[in-house]
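All figures in this text were calculated on a predicted structure; none of them were measured in a lab. Below, chain A is the first sequence line, B the second, and so on; all start at residue 1.
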Amino acid sequence: MNWIVTFLLVGGVFFLAIGTIGLLRLPDFYSRLHAAGKCDTLGVTLLMTAIALYNLHAPSFGSVLVSWKIFAIVFFIFMASPTATHAMTKAAMLVGVEPWQKKKGTRK
Amino acid sequence: MKAKFAAFVIMLIFWVILSGMFDAFHLTLGVISCLLVAHFSGKMLFEGLRVEVRARQILGMLAYGPWLLWEIVLSSLQVTYIVLHPQMLDKMDPQLIRFKTKLKSTFARVTFSQSITLTPGTITVSVHDDEMTVYALTRSAADSLPGEMEKRIARALEPEQT
Amino acid sequence: MKISMQEARDRIPQRDIILETTVRLMVPFIQLYGLYVIVHGHYSPGGGFQGGVVLGASVILLALAFGLPASKEYLTEGTDIIMANVGALIFTGIAALCALLGGMFLDYSVLTKILPIDPISWRSHGIFLVEVGVGMGVMTIMVSIYWDMASAGRLDEGL
Amino acid sequence: MMSQVFLAVALAIVLLIFPCLVRALGGPTVLDRIVGVNMIGTKTTVLLLLIGLIYKDLSMFVDIALAYAFLNFIATIGACKFFRRSKQVHLEDDLVTEEEASA
């Protein structure tokens with residue numbers, strides 16, 4: 001059991017790290033959103049699943065409810081994170097942030 | 001009326017998960033709170049749909065969830081590959097594409113667009129009737145749309161139309 | 001079909017169904033969470049102010065997604081003002097009642113003179129009543145501050 | 001043994017917040033800052049849960065994490081809406097371009 005939890009924790013931190021490196025390295029706003037939107041959601045999901053599982057290792061009625069609450073946060077993040085990404089993309093489009101493009105002579 | 005009752009039941013389940021206290025004082029106030037929320041915002045959960053339709057959609061979502069989770073893992077690995085690649089800029093070819101979706105209901109369209117945002121290298125920019133504008137990180141990601149995901153969502157959320 | 005930046009910008013619709021549907025599914029749960037924070041104020045973190053903030057944030061979320069007029073249909077301006085005043089009245093009323101009955105300001109144990117149950121349970125129930133008042137006040141004042149600031153006092157369109 | 005693992009993970013998340021802070025402080029556009037702040041908020045949600053595990057009082061910190069997730073989402077949406085309306089957003093922070101400097 002502890003091994004599964006440790007594995008999930010390490011995976012979650014790995015994906016959070018990838019998201020952060022992507023946030024720093026990628027060239028423009030839109031591609032940064034890719035790193036922020038996907039890797040962060042997955043990392044948070046893995047970490048929260050690990051915490052919920054660890055919380056169950058001394059099962060009682062209260063701890064089961066707390067685990068369900070953690071899963072409620074996960075559901076919420078699954079709904080909220082793409083919506084926030086979408087809102088940011090739309091705002092950037094309307095404000096006029098130019099995307100990075102491959103230089104092939106014709107650059108708009 | 002039916003919508004409010006269904007909302008009340010959902011709210012009561014959520015309250016039990018939140019509260020974890022079952023003495024008379026808290027339980028009474030919980031029921032009162034659930035009634036208040038169901039009365040004022042219960043309609044919002046169903047947006048004019050019949051309760052049965054929404055219930056079937058939620059069940060469809062549960063069936064669709066695990067596959068989506070696996071796709072998210074794959075997409076994160078793909079983003080990992082691009083982020084950690086030393087010549088990252090050669091791997092990228094960002095582009096905006098537009099395509100028409102076959103999905104009819106609003107809920108299915110929204111689910112589809114959220115799934116697109118969560119999976120390989122694509123972000124939904126806007127949904128305008130049946131036209132979806134998508135920003136893709138690589139050419140292969142752009143070519144793969146709408147793909148299998150649309151069929152799965154249609155099977156899960158709109159059984160009568162497939 | 002590949003399109004240019006300008007084309008994509010022109011095709012962005014006025015109504016955003018993604019945001020609307022997500023907010024619609026979220027708002028009842030946020031409101032119930034706000035009520036939970038108020039009710040469980042004396043056992044877990046939170047209380048009247050925090051619960052009121054969460055409740056107000058749910059109405060602000062509605063205003064952000066559907067536009068300010070729609071949120072004013074949900075919570076009309078008259079109801080907003082009445083609830084703000086009633087909330088403040090509950091708080092100061094109970095506090096002043098305690099003082100009038102011979103105790104300290106907000107000293108609930110003297111309320112046994114009105115309804116004879118033991119002072120200790122009056123303390124917890126009195127805190128709950130005051131928190132309901134604070135929650136109502138904070139929620140409505142937050143919403144009206146948002147309305148005023150988002151539309152520069154005109155209360156028409158907003159963000 | 002497990003509490004040390006949790007402590008290490010919490011420290012790692014705190015260290016990961018600093019690069020996001022670099023993005024939030026350094027721009028270049030306003031929306032980049034919003035992304036940075038949003039990511040800090042997501043990480044803080046997890047961090048609160050880990051703090052709850054370390055202090056062995058998870059049921060209390062879950063409530064705070066839930067409220068934090070709600071308010072983080074609302075703040076992001078609000079900020080996006082705000083900057084969409086204001087047309088005179090300075091997209092680049094280095095406001096003085098070369099032409100302006102020479103003029």
Could you tell me which portion of D:N72 (side chain, backbone, both or neither) has an atom closer than 4.5 angstrom to a non-hydrogen atom of chain A? neither
Closest non-hydrogen atom pair, A:A84 against D:T76: CB-CG2, 4.1 Å
Counting only non-hydrogen atoms closer than 4.5 Å, does D:V5 touch chain A with its backbone (N, CA, C, O), its side chain (CB onward), both, or neither? side chain
Interface residues of residues 7-14 of chain D facing chain A - heavy atom cut-off under 4.5 Å: D:V9, D:A12, D:I13
From the list A:T6, A:V66, A:D40, the residue making the most non-hydrogen contacts under 4.5 Å with chain D is A:D40
Show the nearest heavy-atom pair for residues D:M39 and A:T20, with the distance to one decimal. CE-N, 4.2 Å
Which answer fits D:D32, side chain, backbone, both or neither, if we ask what part of it has an atom under 4.5 Å from a heavy atom of chain A? both
Tell me whether D:R23 contacts the main-chain N or O of A:L23 through its side chain, where contact means a donor paired with an acceptor under 3.5 Å. yes
Rounded to the nearest 0.5 Å, how far apart are CG of A:L65 and OG of D:S59? 10.5 Å
Among A:R32, A:M88, A:K69, which residue has the highest count of heavy-atom pairs closer than 4.5 Å to chain D? A:R32
Who pairs with D:L15 by side chain to side chain contact (heavy atoms under 4.5 Å, CB included), at least two apart in sequence or on another chain? none
With only heavy atoms counted, which part of D:F6 is less than 4.5 Å from chain A, the side chain, the backbone, both or neither? side chain
Hey, which of D:I77, D:L53, D:I17 has the most heavy atom pairs under 4.5 Å with chain A? D:L53
From CE (A:M48) to OG1 (D:T45), nearest 0.5 Å: 5.5 Å
Check A:A91 against D:C80 and note the closest heavy-atom contact, atom names and distance. CB-O, 3.8 Å
Straight-line distance of A:M93 CE to D:L31 CG, nearest 0.5 Å: 11.5 Å
The criterion is side chain to side chain contact (heavy atoms under 4.5 Å, CB included); which residues satisfy it with A:F14, sequence neighbours excluded? A:I18, B:T80
Would you compute the distance between atom CD1 of A:I51 and atom CG of D:L50 and round it to the nearest 0.5 angstrom? 4.0 Å
Side chain, backbone, both or neither of D:V62 within contact of chain A (heavy atoms, under 4.5 Å): both
If you count heavy-atom pairs under 4.5 Å between each of A:N2, A:V10, A:I77 and chain D, which one has the most? A:N2
About how many Å separate OG1 of D:T42 and CG of A:L47, when rounded to the nearest 0.5 Å? 11.5 Å
Of all residues at least two apart in sequence or in a different chain, which pass the side chain to side chain contact (heavy atoms under 4.5 Å, CB included) check with A:T85? A:L33, A:S81, A:T89, B:T117, B:I123
Identify which part of D:L16 has an atom lying under 4.5 Å from any heavy atom of chain A, answering side chain, backbone, both or neither. both
